[in-house]
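Working notes, structure below.
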Amino acid sequence: MPPNDGPRRRVPAPGRPPARRPAPARRPAAKTATLRLGSPKPRLRLVSLGLTLVMLAFVVRLFQVQAVDAATYTDKAERQRQARHTLTAERGEITDRSGIALAASVDAHDITADPFLFTPEQAKTADAPQQAAAILAPILGKTPADLAKKLASPKSRYVVLARRQTPQVWKQIKDLKSVYGDKAAAANKRKPNSATNLLGGVLQEPSSTRVYPNGDLAAGILGYVNAAGRGAGGLEVKLDKELAGQDGEVTFAQAGGRRVPTAGANETPAVPGSDIELTIDRDIQWAAQSAIAEQVRKSKADRGYVIVQDTRTGEVLAMANAPGFDPNDLSQANAAAMGNAALQDAYEPGSTSKIMSMAAVLEEKAATPDTHVVVPNRLKRGDRNFKDDIDHPTWNLTLNGVLAKSSNIGTILATGELGDTQPEANEVLHSYLTKFGIGRRSGLGFPGETSGILAPPEKWSTSQQYTIPFGQGLSVNALQAASVYSTIANGGVRIEPTLVRGSKGPDGRFTPAPAPKKTRVVSDQTARTLAKMLESVVDDEEGTGTKARIPGYRVGGKTGTSNRVDPKTGRYKGYTASFAGFAPADAPRITVYCAIQNPTTGSYFGGQICGPIYKQVMEFALKTRQVAPTGGKPARLPVTFTPGP
C-alpha cells in the first residue's frame, strides 16, 4: 500500500456529472447603426478633370515652346550659352623706304570684367564694384566712378574696362589678383564661404596697340590712331582700310562667364593689314626735322617746314614740321601742331615764286638771260608805287640779274612782255602757274591738304596783276613750292609728288604704288637755262643766296621773303622766309625747300635764316643718297650790264 504522502483528492463517483453553475441572466442586445460607403465616381471625375487640365496646360506650353516659339527660344538659349568675341586684325606697319618701322603694332591687352561676379551674392560684399574700381583706377588711368559704373552693370556679363593696355599693366593686375586670392583663401579657412577674390572677375583679351618707335619723327606724315585703334590723322587715316586688315570672330561655349575649354569653338581668323612702305628716308627726315626745329626755336617763329624731294621720281624723301608732336602720347600734344602744316598751311610764297615767272618769260621767248632790264628804285603801276626790298639807285640788270638780286620791279617789267596788253600777259602767266600745280592739290590726296589760292586772271585786282609775278597775291603750301623746283630740275617735266612706294600684303608680296602722273610744263632747254640762272643766286656775289653754297657742288636756288597774312586777323603781319633749290645744279638729284613763318628774333630774310637750313639738309641728303659732285664749272651768267653811251 503506497504511503500516504498528502491529503487525498476527492474523486467524483463514476457516472455522476459535475454540478453546473446557473447561467447568468441575458441582457437585451443594444441597437447598432449601419455604415454605408459613398460612391467613388464623383471624386474620381474631379481628380481626373484636374489632372487633365494640368496635362493640357503642359501640352499647350510644350507645343508653344517646341513648335510655335521654337526658333525664338532656341536663339535665346544659344545666346546665353554661346559667346562671340571679335578677333582684332593686326594693323600693318608703316616703314620708310628701307623697311625701317615708323609705325608698328605690339601686343597689348583689353582689360575686361564679368559684372555678375561683382554682385553682393557672388562677391560676398555689398560694395565690390566700388572697392575693385578704387584698386584698378590708378593702374588703368580711369576714374573710380567710371569703372564702378561698368562693374555694377546689372544686365551684362561682359564689359570692357580699358583697351590696349601694355603687358606691364596686365601683369600688375594679375599680381593683385593673386594677392586678393590668397586673402580670400585665408578667410575661408577661418570661416568657409565667407570671402571671394575681389578681382576674380577682372579678365583680359589679347589685343594690340600702336607705337611709333621714333617718337615725333615724321609724325605729321604718319598721323595717329584713336582709342578704338582706327586711323585718326595723317596716313594712318588715309590708308586705314589697307592698314587695318579685316577683323575675325570666335564663338565658344561659356558657363559662369568663363569659356568651356572642352566645348570647342568656331573661329573666323582675322586677316592682318598690309604693311605700307613710304618714300621717306628716315635719316634725311631726321636731319630735316632737327634743322627746322632748331631754327624755329632760335627765331621764335610760329612754325616752319622742310621738304626734300627726289627730282627724278617725285618721291618725297622728307617732310618735316616744327613744332611737331609725339603720337605715342597725344595727351601732351598741342592741337595746333597735330596736323601736317607743310601740306595744310596756305601762304604767299614770295620771291621763290619768281622762278615760274621767269619760266614763262623764257618759254614764251619774251626775253633771254642776257636781256637788259633797267630797274628804277620805284615803279608806278596802277594805283601803287612798287619797290624792291631795299632802296637802290637805278640797276642795270640782265634778266639773270633780276632773278639773282630778286628784284620785284625787274620781275614786273619782264612779265609785262608776256602779252601786248596787261590782261593778255596775265592770261599767259596764269596758264604757266596752273601747269606748275598752283591752285590745285599736289596729287598726294593727303587729309586736309590745301590747294592754295590762285584766282582766275580776269579776277586779279589792279595790284594782283603786278604782285602775283613776284609771289604775293597767290598762296601755296610747302610741297607745291618744292614741286616747282623739282619740275625745273627734272627738265621741265612735273611729276606728281608721292609718299607711298608700295604695300606688302599678308601673303608677303610687295605691290608697287601706281606710277605718278607726268606733265611737261616747259621745254628741257628752258629748264636747263633756269638751272643756270638759279646758280647765279647762290654762286654770284651779287646773289641773295650765298649762304646756301655747298663746297664741291654746283647749287641752284632762290630766296624768298614775303609779307605774311596773319591767320587770326586776316591782315598782313610779319614775314614768311623761304629758300628753295636743287643740287647738283647741272645734274639735279635732290630738291630742298624750307619756309619759316613769322620769325620774330634775328633776321627774317629767307637767304639769312633758310639758306643755312637748305645747306645743312642738302649736304646730308647728298651724302645719304650717295650723290657725287659733277665736277663741272658754274655757268656764271652775267648779272649786270654796262649801259652804252
Side-chain angles (χ1 to χ4, degrees), residues 288 291-308 320-322 341-342 345-358 387-390 401-408 410-411 467 469-485 488 533-550 555-565 572-583 591-618:
I292 192 63
E294 177 63 16
Q295 188 59 61
V296 166
R297 184 191 65 79
K298 286 170 58 177
S299 298
K300 295 184 179 179
D302 289 356
R303 63 182 55 175
Y305 356 84
V306 172
I307 305 290
V308 184
N321 294 280
D345 279 4
Y347 56 93
E348 299 186 8
S351 294
T352 54
S353 181
K354 289 174 181 173
I355 191 67
M356 293 184 284
S357 298
M358 295 299 167
K387 64 185 183 66
D388 291 322
D389 61 326
I390 59 172
V402 168
L403 189 64
K405 295 180 75 66
S406 197
S407 170
N408 296 339
T411 304
T467 61
F470 60 79
Q472 302 262 191
L474 73 164
S475 66
V476 300
N477 64 43
L479 184 59
Q480 288 174 324
S483 179
V484 169
Y485 283 78
I488 300 302
M533 293 172 68
L534 289 171
E535 280 191 86
S536 297
V537 177
V538 178
D539 182 66
D540 197 289
E541 292 301 326
E542 296 278 348
T544 58
T546 56
K547 289 186 177 294
R549 292 174 181 171
I550 299 175
V555 174
K558 182 72 189 74
T559 59
T561 306
S562 62
N563 293 314
R564 172 180 173 272
V565 176
Y572 282 115
K573 180 182 178 182
Y575 298 91
T576 298
S578 59
F579 191 98
F582 47 80
T591 294
V592 173
Y593 175 82
C594 164
I596 294 178
Q597 297 292 350
N598 196 32
T600 58
T601 299
S603 175
Y604 59 82
F605 289 107
Q608 298 298 311
I609 63 174
C610 286
I613 294 176
Y614 169 91
K615 176 182 178 180
Q616 180 181 341
V617 175
M618 179 63 84

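In this structure, Thr591 and Ala482 approach most closely via the heavy-atom pair CG2-O, 3.7 Å. Minimum heavy-atom separation, Ser603 to Gln608: OG-CB, 3.3 Å. Smallest separation of non-hydrogen atoms from Phe579 and Gly545: CE1-CA, 3.9 Å. Listed here is the closest heavy atom pair of Val537 and Gly557: CB-O, 3.1 Å. Across all their heavy atoms, Ser475 and Pro349 have their closest contact at CA-CD, 4.4 Å. Among all heavy-atom pairs drawn from Ala293 and Ala322, the shortest one is CA-CB, 3.6 Å.
Judged by distance alone, with hydrogens and angles left aside, the side-chain atoms of Thr600 form a donor-acceptor pair with the main-chain N or O of Lys300 at under 3.5 Å. Under a 3.5 Å cut-off, the side chain of Thr411 and the backbone N or O of Pro469 do not form any donor-acceptor pair. Listed for the Gln480 side chain is a donor-acceptor partner under 3.5 Å among the backbone atoms of Asn477. Panel note: side chain Ser483, backbone Leu479; no donor-acceptor pair is recorded below 3.5 Å.
Atom OH in Tyr572 sits 5.0 Å away from atom CD in Gln472 (nearest 0.5 Å). Between Ile488 atom CD1 and Met358 atom CE the span is 12.0 Å, to the nearest 0.5 Å. Here Leu403 contributes atom CG and Glu535 contributes atom CD; the two are 12.0 Å apart, rounded to the nearest 0.5 Å. For the atom pair OG of Ser407 and NZ of Lys387, the computed distance is 12.0 Å after rounding to the nearest 0.5 Å.
At a threshold of 4.5 Å between non-hydrogen side-chain atoms, the residues Val555 and Met618 do not count as touching. Residues Tyr305 and Ile292 form no side-chain contact, since every pair of their non-hydrogen atoms from C-beta on lies 4.5 Å or further apart. Using a 4.5 Å heavy-atom threshold, the side chains of Ile609 and Lys298 count as separate. Residues Tyr593 and Val306 form no side-chain contact, since every pair of their non-hydrogen atoms from C-beta on lies 4.5 Å or further apart. Within the 4.5 Å cutoff, the side chain of Tyr614 has no heavy atoms near those of the Lys547 side chain. Contact check for Ile355 versus Lys558: no side-chain heavy atoms found under the 4.5 Å cut-off.
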Step-by-step side chain to side chain contact (heavy atoms under 4.5 Å, CB included) determination, Asp388 to Lys405: CA-CA 10 Å; Asp388 291 322; Lys405 295 180 75 66; over 6 Å; no
Could you go through Ile613 and Ile596, starting from their C-alpha distance and side-chain angles, then the distance that decides it, and tell me whether this counts as side chain to side chain contact (heavy atoms under 4.5 Å, CB included)? CA-CA 11 Å; Ile613 294 176; Ile596 294 178; 4.0 Å; yes
Asn598/Arg303 under side chain to side chain contact (heavy atoms under 4.5 Å, CB included): CA gap, chis, key distance, verdict: CA-CA 8 Å; Asn598 196 32; Arg303 63 182 55 175; over 6 Å; no
Under the side chain to side chain contact (heavy atoms under 4.5 Å, CB included) criterion, do Thr467 and Glu348 qualify, and how do the steps go? CA-CA 11 Å; Thr467 61; Glu348 299 186 8; over 6 Å; no
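Evaluated for a side-chain contact (heavy atoms from CB on, under 4.5 Å) with Phe605, the options Asp389, Thr544, Thr559 yield exactly one hit, Asp389. Tested against Thr352 for a side-chain contact (heavy atoms from CB on, under 4.5 Å), the candidates Cys610, Cys594, Ser578, Ser406 yield a single pass: Ser578.
The closest side-chain donor-acceptor pair between Asn408 and Lys354 falls under 3.5 angstrom. There is a side-chain donor-acceptor pair under 3.5 Å between Thr576 and Gln597.
Taking the six-membered ring for Trp and thresholds of 30 and 60 degrees, Phe582 and Tyr485 have ring planes inclined between 30 and 60 degrees apart.
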